[in-house]
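Written out below as structure tokens is the structure these notes cover.
Within every chain, numbering begins at 1; the chains are lettered A, B, ... in the order of the sequence lines, protein sequences first and strands thereafter. Because only heavy atoms are used, hydrogens play no part in the values below, and waters and symmetry mates are left out as well, while side chains stay in.
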2 protein chains.
Amino acid sequence: MIALISDPILKKKLSNQFPFLEGAEPSFVQLFFNSTAIVHLEPDQPICQQGMQCSHLALITKGSARVYKIGENGREITLYRIGPGESCILTASCIMNDRPFPAFAISEQPIEALLITTADVVRWSNDVPAWRNYLFRLISDRLGDVISVVEEIAFRRVDRRLANYLLHRTETTDDNLQITHQAIASDLGTSREVISRILKDFEQQGMISITRGSIHLSDRQCLRNKSIE
Amino acid sequence: MIALISDPILKKKLSNQFPFLEGAEPSFVQLFFNSTAIVHLEPDQPICQQGMQCSHLALITKGSARVYKIGENGREITLYRIGPGESCILTASCIMNDRPFPAFAISEQPIEALLITTADVVRWSNDVPAWRNYLFRLISDRLGDVISVVEEIAFRRVDRRLANYLLHRTETTDDNLQITHQAIASDLGTSREVISRILKDFEQQGMISITRGSIHLSDRQCLRNKSIE
DNA sequence: TGGCTGTATGTGACAATGTCACACAGACTT
DNA sequence: AAGTCTGTGTGACATTGTCACATACAGCCA
């Protein structure tokens, strides 16, 4: 499950993925590879639990994870997703400030990640400019992400957010989305009934067609109009 | 309006307020004071506008500011407030990553602040460990703040949030709150009518009494129960 | 005093969203 | 065929958001 990095080809790959390795001092690159372990994670495995003290920082090289909050009533809302080249920066923030993790993180696509100990995270952030810039940029990006979420749920109507969501989730794939209404609701921070209702509206207006467990986008332009209506 | 810092007593005061000055190298402390200007700001003055490129970072020494988003419909929501010893860290994040500011910031209490140029912000974050730790901690705190806001608006009912709000806003003062319903609505990200309605409910239940422009908390315990109901 | 003029608040109707309880439908097992 | 998951549909109702007003209070001026 856990292995030290040694393959030189792998090294090169990682250098391309993580900007702090490019142009870094060779001694640090060496150090980085020597003190890093690779882990693999199946989908739907918990990565961080709310309230946890974090012992490692995970840099994702493949796959993706979802960071989300759970409300008193059991509803969920996704704060952001992280993919290759990124890291669960909330972990870093917890590490640096010695705080418990304020949310949940779970794997979605099968994940391959590099594990870095808290000690290394702190040490490198003192010694390696490129590393701390990387951390700083990531955490700034996340702050931006979460501010966008606030804006969305505070001001935008659910039907428009949903239209937007469907478009974004099919950007890199075809027009078929394999997902349940509940999963969408958990991303958008609303309830399953609301999503079902609106999807049915969309279907009746000919924008999509629905089957159990999947949605087909038949009129993207119409959805685009809806999303910015 | 703008003056260089020279008074030694003032220096001492500031050292107490900003952790990165305590125990810092004397040469940096000297540098910091030499390259820092003091500004004063009346209440309700804009500090940062959404979309701005930031040219300075403001460290607040007195007073407070409010950072908020404005929705398409004109409604507002407060992301967080900053007070003495803190700084408009979103600015720092914009500076470090060369991005436009994603929100609005406005002074509330009369502000006294230290202005630092973007060049110094970047330079010190490379050279001065205590400074970059300060920045990192601030931005982490803000991320935590904004995540809490998401949780609030996504999952909690307005009446409970309002009860909680009233209690928090009178924590350091007496039981009289000088504020309009509109201002509360702008903090909580809802509309004035909703706040007025609920306040009226609270009044009829004997928790508060309302007069034009101010609210008196007559039964804090009852409000506490309401807020966690 | 009374009448302006802002700003603050109240109200009723309706739309959008959230909640609850339960019905129904498809896929899979036995 | 019956049982059992999981996913979806539905109607009733509560909460919240929106709109168009009405009303109330404070300060000012005639």
* Structure fact -> Residue pair Ser214(A)/Arg197(A) against DNA chain D: nearer the 5' end by closest nucleotide is Ser214(A)

* Within less than 4.0 Å of OP1 or OP2 of dG18(C), is there a side-chain N or O belonging to Arg157(B)? -> no

* Whole-Å gap separating C1' (dC21(D)) and CZ (Arg192(B)) -> 11 Å

* **Distance, rounded to the nearest Å, where Gln182(A) contributes CD and dG9(D) contributes P** => 13 Å

* dT18(D) OP1/OP2 closer than 4.0 Å to side-chain N/O of Asn73(B) -> yes

* **Sugar-phosphate, base or nothing in reach of Ser191(A), heavy atoms under 4.0 Å** => base

* Can you tell me how far C1' of dT16(D) sits from CZ of Phe155(A), to the nearest Å? -> 15 Å

* **Whole-Å distance separating the CD1 atom of Ile153(A) from the C1' atom of dT15(D)** => 17 Å

* Asked: At under 4.0 Å, does any side-chain N or O of His181(A) touch on OP1 or OP2 of dG7(D)?
  -> no

* Taking CD from Glu72(A) and P from dG18(C), how many angstroms apart are they, rounded to a whole number? -> 15 Å

* Ser196(B) vs dT9(C): side-chain N/O to OP1/OP2 distance below 4.0 Å -> no

* Rounded interatomic separation in angstrom, taking CZ from Arg156(B) and C1' from dT15(D) -> 15 Å

* Asked: So, the side chain of Ser209(B) versus the backbone of Glu203(B): is there a donor-acceptor pair under 3.5 Å, distance only?
  -> no

* Verify, without hydrogens or angle tests, whether Ser186(A) (side chain) and Ile77(A) (backbone) share a donor-acceptor contact under 3.5 angstrom. => no

* Asked: Just how far, in rounded Å, is P of dT6(D) from CG of Asp44(A)?
  -> 13 Å

* For the pair Glu229(B) and Lys226(B), find out whether any cationic side-chain nitrogen is under 4.0 Å from an anionic carboxylate oxygen. => yes

* Asked: Between the side chain of Arg66(A) and the main-chain N/O of Ser107(A), is any donor-acceptor distance below 3.5 Å?
  -> no

* Asked: Does the side chain of Arg212(B) get closer than 4.0 angstrom to OP1 or OP2 of dT9(C) through an N or O atom?
  -> no

* Is it true that a side-chain atom of Arg75(A) and a backbone atom of Ala154(B) form a donor plus acceptor pair closer than 3.5 Å? -> yes

* Assign Arg75(A) to base, sugar-phosphate, or nothing according to its heavy-atom contacts below 4.0 angstrom with the strands shown. => sugar-phosphate

* Identify, between Glu193(B) and Thr190(A), the residue whose nearest nucleotide on DNA chain C lies closer to the 5' end. => Glu193(B)

* Structure fact -> Here the distance between atom C1' of dG7(D) and atom NZ of Lys200(A), to the nearest Å, is 13 Å

